[in-house]
A.B. asks: 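If you scroll down you'll find the structure; I have some questions about it.
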Amino acid sequence: MTEKFEKPYNPQETEKKIYSLWEESGFFNPDNLPERHKNPFTIIMPPPNANGSLHAGHSLFIALEDLMIRFKRMQGFKALWVPGADHAGFETQVVYEKKLEKEGRSRFKMDPKELYDEIMQFTLDNKSFMEGQIRSLGASCDWSRERFTLEPKIIKTVHETFRQLSSDGLLYRGERLVNWCSKHQTSLSELETDSEEKEDKFYTFQYGPFQIGTTRPETKFGDKYVVMHPNDERYKEYKHGQKIDLEWINGPITAIIIKDEAIDMEFGTGAMTITPWHDATDFEIAKRHNLDYEPVIDFYGKLLPIAGPEFEGKNITVAREEIVKKLDEKGLLIKVEENFKHNVKVCYKCNRPIEPQVKSQWFINMKPLAQKALEAVERGEVKFVTERHERIFKHWMENIHDWNISRQIIWGIPIPAKICDECGEGIVDLDDTITKCSKCGGKVKQDTDTFDTWFSSGQWPFATLNFPEEKDFQEFYPTDVMETGHDIIFFWVARMIMFGIYRTGKVPFKTVYLHGMVRDGRGKKMSKSKGNVINPITISDQYGTDALRMALLVGNAPGTDMNLSEDKIRAYKKFANKLWNITRFVLDNTKDLEEVDLDSEKIKSLRNSKPELLNLEKIISEITEDMENHRFHLASEKIYHYAWHELADKIIESIKETIESTETQLMIFDILQKTLKVLHPFMPFITEEIWSSLPIQNKKLLLIERWPQSL
RNA sequence: GGGCGAUUAGCUCAGUUGGUAGAGCAGCGCAUUUACACUGCGAAGGUCGGGGGUUCAAAUCCCUCAUCGCCCACCA
């Protein structure tokens, strides 16, 4: 027995060495693979946000994608796994702002360029740190093709898509109601807001002859339209457009009656006043009837001059009670209903209420894009694992809204457009040559906004493969599998399908495999404050990467959240050790064999006669089928069960008597080498390490050995 | 208000096309210095949330109820 087969197995010493061995071999790059690897198999890695270190969710996607890539590589595919890093616009800016806050600084007091450069440095530092972590988890991705979302070539692709959307009439700049976060000082897409059930007071005020209900008295200053349903009998004496003089917060005003079917007659009194600038429903009503609208609250959540000298400049949360008090004193407060439950939109990052604001932004008309994507899915060009997610995807796509892609943050890809000072027109300008407004001839200035980061991520598959000009695109697009978390099915997957088809005419990937969230051993969300975070790097140092990967794979059904406990990881560390000891036994007892020729007639005839080998063949073909059908949670369990409870517990025990015979030795050796091959995509380090010690003729790296598929 | 998922051993979860249930951990008895104590052997433990239906046969398909969870939605 060689010296290195001391017990027990020590992953720390092995893993770094093995990874270098792989990297130096060049086989992560499909162009360097041997002749037999002809047909491409491609996965584009979901680029991790370069704003922190890897968490348990990252280790899951690495385990899954590396599993698929290694399996396909062994099967003889020209396997390409493209790594990358995401600048992660808003996400990273939020992380960096927290850092600034801790240091007593603020982004609003910084020169934009200085801020940008600082975040860039922060991102690049995190990026290289993360690359090391991805390596330590054993990812067999092609580092020579690594991409970053802010590199010039990617930006060029993204800009070109923007231009094309514009010339195809799918892009428009419009004054729309946007989701404004007063803390982060940017607009957000629908997906970037959460809905929270809140209990508030519901006020009823006397508004001329009407009683109107509201939860937001602080928005009522500018309200001069009172709306009711056209069929409401209670108000039939009032005509649409009729003017009424009445007493309001700051004195007498003239209100106008509007009849609109959006009003629910059952709710409250069936009459309400509208604040189009700060409410989506109201905005729709105002647009339908061509009504005036003006802002009441500024971008910082403070009341504007329209509120009158008494209230101007006051924070809305403070002003609310004061306004109610004033209305009460004027005898206009009818009643206050406590504990009124309603849903409030909040910023998904800071949970502060979203203040809708009317703002000029770039919007994409999504319906035509969604239509084509739906058709492609309908035709089966993209398949979802699981089917349930396909339904979820379709439902969202069928009800898609226009997408605001403008963000008022510095950290992102600049929007290549000019905005007219005079008329507000937006003009797409990739080459920075436009100086006059094409509509009114007025002066223009550069749009200072950046793209929603998902606008660029949505183009990732074809952008990373250098669409349209280079050979990678020709060879590897459409890619085979997109593996990512089910939580970003709308944010990312849906947009990739739409943009992929839009730009290239082809779907970006054939299969979408969605994994669930990784929770702690008790099913709780991991969070620093709960102290239940499993750091993959610490874990892999402690138990070995192979153990961590197995713990993430076994029994983890696609699309379902999984619980990861240290106990489970520990169990697979034991398994690694078991495998180690199986090898010790086999090598110790097969010294007669010298260099084994795995293609010899002797072995072939054993494979046709020994029940143990026939049985193994059957199990391998089951596992292969599971692998082909994305049932990794079953495949991993089967090979685990085989190695421990069949090979170790039964076969080895039963041959101890006959181990002197060459035939038995050959058989057990063959079982071991096949088991290692099947285990390799799951537990790459230990299997490669053991493989390096096996006496086999014309041995290659296990990384590129043939998958022992029967048939 | 719509849609979806879950409910299986003490705990956390698997169970591919229906053929009378599995893993990890915990726990019980025994064994053993063994390739492996990061061990082996054995036993125990579940009327697969309740009820109804289809079937020769249901954890698996259908209906219904209950509890929990998630997503989507402009009701002031």
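Here is how names work: the chains are called A, B, and so on, in the same order as the sequence lines, proteins then strands, and each is numbered from 1.
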A.B. asks: What integer distance in Å separates A:Lys568:NZ from B:C25:P?
C.D. replies: 11 Å
A.B. asks: Between A:Asn577 (CG) and B:U39 (P), how many Å, whole number?
C.D. replies: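 My rounded result for the distance is 8 Å.
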A.B. asks: Determine the Euclidean distance between corresponding C1' atoms of B:U8 and B:A76; express it in Å to zero decimal places.
C.D. replies: 47 Å
A.B. asks: Between B:U33 and B:C38, how far is it from one C1' atom to the other, in whole Å?
C.D. replies: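 Going atom to atom, C1' in each nucleotide, I get 16 Å.
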A.B. asks: Is A:Arg352 salt-bridged to A:Glu196, going by a charged N under 4.0 Å from an acidic O?
C.D. replies: no
A.B. asks: To the nearest 0.5 angstrom, please state how far the CE atom of A:Met627 sits from the CG atom of A:Leu67.
C.D. replies: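 So the CE of A:Met627 and the CG of A:Leu67 are separated by 4.0 Å.
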A.B. asks: Considering just the side-chain nitrogens and oxygens of A:Tyr543, establish if one lies under 4.0 Å of OP1 or OP2 belonging to B:C38.
C.D. replies: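 So the side chain of A:Tyr543 is outside the cut-off, no N or O lying under 4.0 Å from OP1 or OP2 of B:C38.
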A.B. asks: Return no unless some side-chain N or O of A:Lys578 is found under 4.0 Å from OP1 or OP2 of B:G40.
C.D. replies: yes
A.B. asks: Can you check the distance between B:G46 and B:G15, where both ends of the measurement are the C1' atom (answer in whole Å)?
C.D. replies: 14 Å
A.B. asks: Could you tell me whether A:Ala648 contacts a base, only the sugar-phosphate backbone, or nothing, with contacts defined as non-hydrogen atoms closer than 4.0 Å?
C.D. replies: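 If one applies the 4.0 Å heavy-atom cut-off, A:Ala648 turns out to touch a base.
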A.B. asks: Nearest whole Å is fine: how far is B:C13 P from A:Leu552 CG?
C.D. replies: 15 Å
A.B. asks: Determine the interplanar angle of the A:Tyr348 and A:Phe491 rings, folded into 0 to 90°, and report it as parallel if under 30°, tilted if 30 to 60°, perpendicular if over 60°.
C.D. replies: tilted
A.B. asks: Polar pairs (N or O, both sides) under 3.5 Å between protein and nucleotides 15-19 of chain B?
C.D. replies:
unit_1, atom_1, unit_2, atom_2, d
B:G15, OP1, A:His633, NE2, 3.0
B:U16, O2', A:Arg631, NH1, 3.1
B:U16, O2, A:Asp626, OD1, 3.3
B:U16, O2, A:Arg631, NE, 2.7
B:U16, O2, A:Arg631, NH2, 3.1

A.B. asks: Pick the C1' atom in B:A66 and in B:C74, then give their distance to the nearest Å.
C.D. replies: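 Result for the C1' pair: 33 Å, nearest Å.
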A.B. asks: To the nearest angstrom, how far is A:Trp580 atom CH2 from B:U39 atom P?
C.D. replies: 17 Å
A.B. asks: Could you give the CZ-to-P distance, from A:Phe575 to B:C36, as a whole number of Å?
C.D. replies: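 Going from CZ in A:Phe575 over to P in B:C36 covers 18 Å.
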A.B. asks: Stepwise, does the side-chain hydrogen bond (donor to acceptor under 3.5 Å, both in side chains) test hold for A:Asn556 with A:His515?
C.D. replies: CA-CA 9 Å; A:Asn556 181 9; A:His515 63 251; over 6 Å; no
A.B. asks: What nucleic acid atoms does A:Thr583 come within less than 4.0 Å of, heavy atoms only: base, sugar-phosphate, or nothing?
C.D. replies: nothing
A.B. asks: What distance, rounded to whole Å, do you find between the two C1' atoms, one in B:C28 and one in B:G45?
C.D. replies: 10 Å
A.B. asks: With rounding to the closest Å, how many angstrom separate the C1' atoms on B:A6 and B:A44?
C.D. replies: 29 Å
A.B. asks: Could you check whether A:Asp223 pairs with A:Lys220 (Lys NZ or Arg NE/NH1/NH2 to Asp/Glu carboxylate O, under 4.0 Å)?
C.D. replies: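 Answer for the salt bridge query: yes.
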A.B. asks: Are the aromatic ring centres of A:Phe682 and A:Phe632 under 6.0 angstrom apart?
C.D. replies: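 A:Phe682 vs A:Phe632: aromatic centres not under 6.0 Å.
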A.B. asks: Expressed in angstrom and rounded to an integer, what is the separation of A:Leu672 atom CG from B:C36 atom P?
C.D. replies: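 After rounding, the gap between these two atoms is 16 Å.
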A.B. asks: On a whole-Å scale, what distance lies between the C1' atoms belonging to B:G49 and B:U34?
C.D. replies: 46 Å
A.B. asks: Please produce a list of atom pairs where a protein N or O lies less than 3.5 Å from an N or O of nucleotides 8-12 of chain B.
C.D. replies:
unit_1, atom_1, unit_2, atom_2, d
B:U12, O3', A:Asn563, ND2, 2.3
B:U12, O2', A:Asn563, ND2, 3.0

A.B. asks: If I take atom CD1 in residue A:Ile686 and atom C1' in nucleotide B:C36, what distance separates them, rounded to the nearest angstrom?
C.D. replies: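 Atom CD1 in A:Ile686 sits about 12 Å away from atom C1' in B:C36.
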A.B. asks: How is A:Ile212 classified with respect to the nucleic acid when contacts are heavy atoms under 4.0 Å: base, sugar-phosphate, or nothing?
C.D. replies: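 No contact at all - A:Ile212 keeps every heavy atom at 4.0 Å or more from the nucleic acid.
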A.B. asks: Rounded to the nearest 0.5 Å, what separates atom CZ in A:Phe71 from atom CD1 in A:Ile623?
C.D. replies: 10.0 Å
A.B. asks: Quick one: does NZ or CZ of A:Arg391 land under 6.0 Å from the six-membered ring centre of A:Trp396, within 45 degrees of the ring axis?
C.D. replies: no
A.B. asks: Using a cut-off of 4.0 Å between protein heavy atoms and nucleotide atoms, how would you tag nucleotides 69-76 of chain B 5' to 3' with B, S and -?
C.D. replies: ---SBBBB
A.B. asks: Taking any heavy-atom pair under 4.0 Å as a contact, classify A:Arg570: base, sugar-phosphate, or nothing.
C.D. replies: nothing
A.B. asks: From the set B:C38, B:G24, B:C4, return the single nucleotide nearest to any side-chain atom of A:Tyr640.
C.D. replies: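 For A:Tyr640, the side-chain atoms sit closest to B:G24.
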A.B. asks: Measuring from A:Leu564:CG to A:Ile569:CD1, what's the distance to the nearest 0.5 Å?
C.D. replies: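 Between atom CG of A:Leu564 and atom CD1 of A:Ile569 there are 4.0 Å.
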A.B. asks: Any base atoms under 4.0 Å from A:Glu653, or only sugar-phosphate, or nothing? Heavy atoms, all strands.
C.D. replies: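 Base contact.
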A.B. asks: Can you tell me which residue among A:Ile257, A:Thr275, A:Asp292 is in a side-chain contact (heavy atoms from CB on, under 4.5 Å) with A:Tyr225?
C.D. replies: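 Looking at A:Ile257, A:Thr275, A:Asp292, the match for A:Tyr225 under the side-chain contact (heavy atoms from CB on, under 4.5 Å) is A:Asp292.
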A.B. asks: Hey, which sits more toward the 5' end of RNA chain B by its nearest nucleotide, A:His645 or A:Lys573?
C.D. replies: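 Looking at the nearest nucleotide for each, A:His645 comes out on the 5' side.
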A.B. asks: Say we look at B:G19 and B:G24: how far apart would their C1' atoms be, to the nearest angstrom?
C.D. replies: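 Their C1' atoms lie roughly 27 Å apart.
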A.B. asks: Any carboxylate oxygen within less than 4.0 angstrom of a Lys/Arg side-chain nitrogen, looking at A:Glu653 and A:Lys656?
C.D. replies: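 A salt bridge links A:Glu653 with A:Lys656.
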A.B. asks: Would you sketch RNA chain B in dot-bracket for me? Only Watson-Crick or G-U wobble pairs with both distances under 3.5 Å count, crossing pairs as [ ], other-strand pairs as |, the rest as dots.
C.D. replies: (((((((..((((.....[..))))..((((.......))))......(((((..]....))))))))))))....
A.B. asks: Do the side-chain N or O atoms of A:Trp644 get closer than 4.0 angstrom to the phosphate oxygens (OP1, OP2) of B:G40?
C.D. replies: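 Result: yes.
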A.B. asks: Rounding to a whole Å, what distance do you find between A:Ile659:CD1 and B:A35:C1'?
C.D. replies: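 Nearest whole value for this atom pair: 11 Å.
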A.B. asks: Considering only residues two or more places apart or on different chains, which pairs with a residue in residues 269-290 of chain A satisfy ring-ring contact (aromatic ring centres under 6.0 Å, His included)?
C.D. replies: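 Of all non-adjacent pairs touching residues 269-290 of chain A, those that pass ring-ring contact (aromatic ring centres under 6.0 Å, His included) are A:His240-A:His289, A:Trp277-A:Tyr293, A:Phe283-A:Tyr293.
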A.B. asks: With no hydrogens and no angle check, just 3.5 Å: does a side-chain donor-acceptor pair link A:Asp592 and A:Gln665?
C.D. replies: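 Distance-only check passes for A:Asp592 and A:Gln665.
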A.B. asks: With sequence neighbours excluded, tell me which residues meet side chain to side chain contact (heavy atoms under 4.5 Å, CB included) with A:Phe267.
C.D. replies: A:Phe202, A:Asp264, A:Phe340
A.B. asks: I want to know whether A:Phe363 and A:Trp403 have ring centres closer than 6.0 Å.
C.D. replies: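 Judged by ring-centre distance (under 6.0 Å), A:Phe363 and A:Trp403 do not meet the cut-off.
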A.B. asks: Would you mind reporting whether A:Met272 and A:Phe210 have side-chain heavy atoms less than 4.5 Å apart?
C.D. replies: no
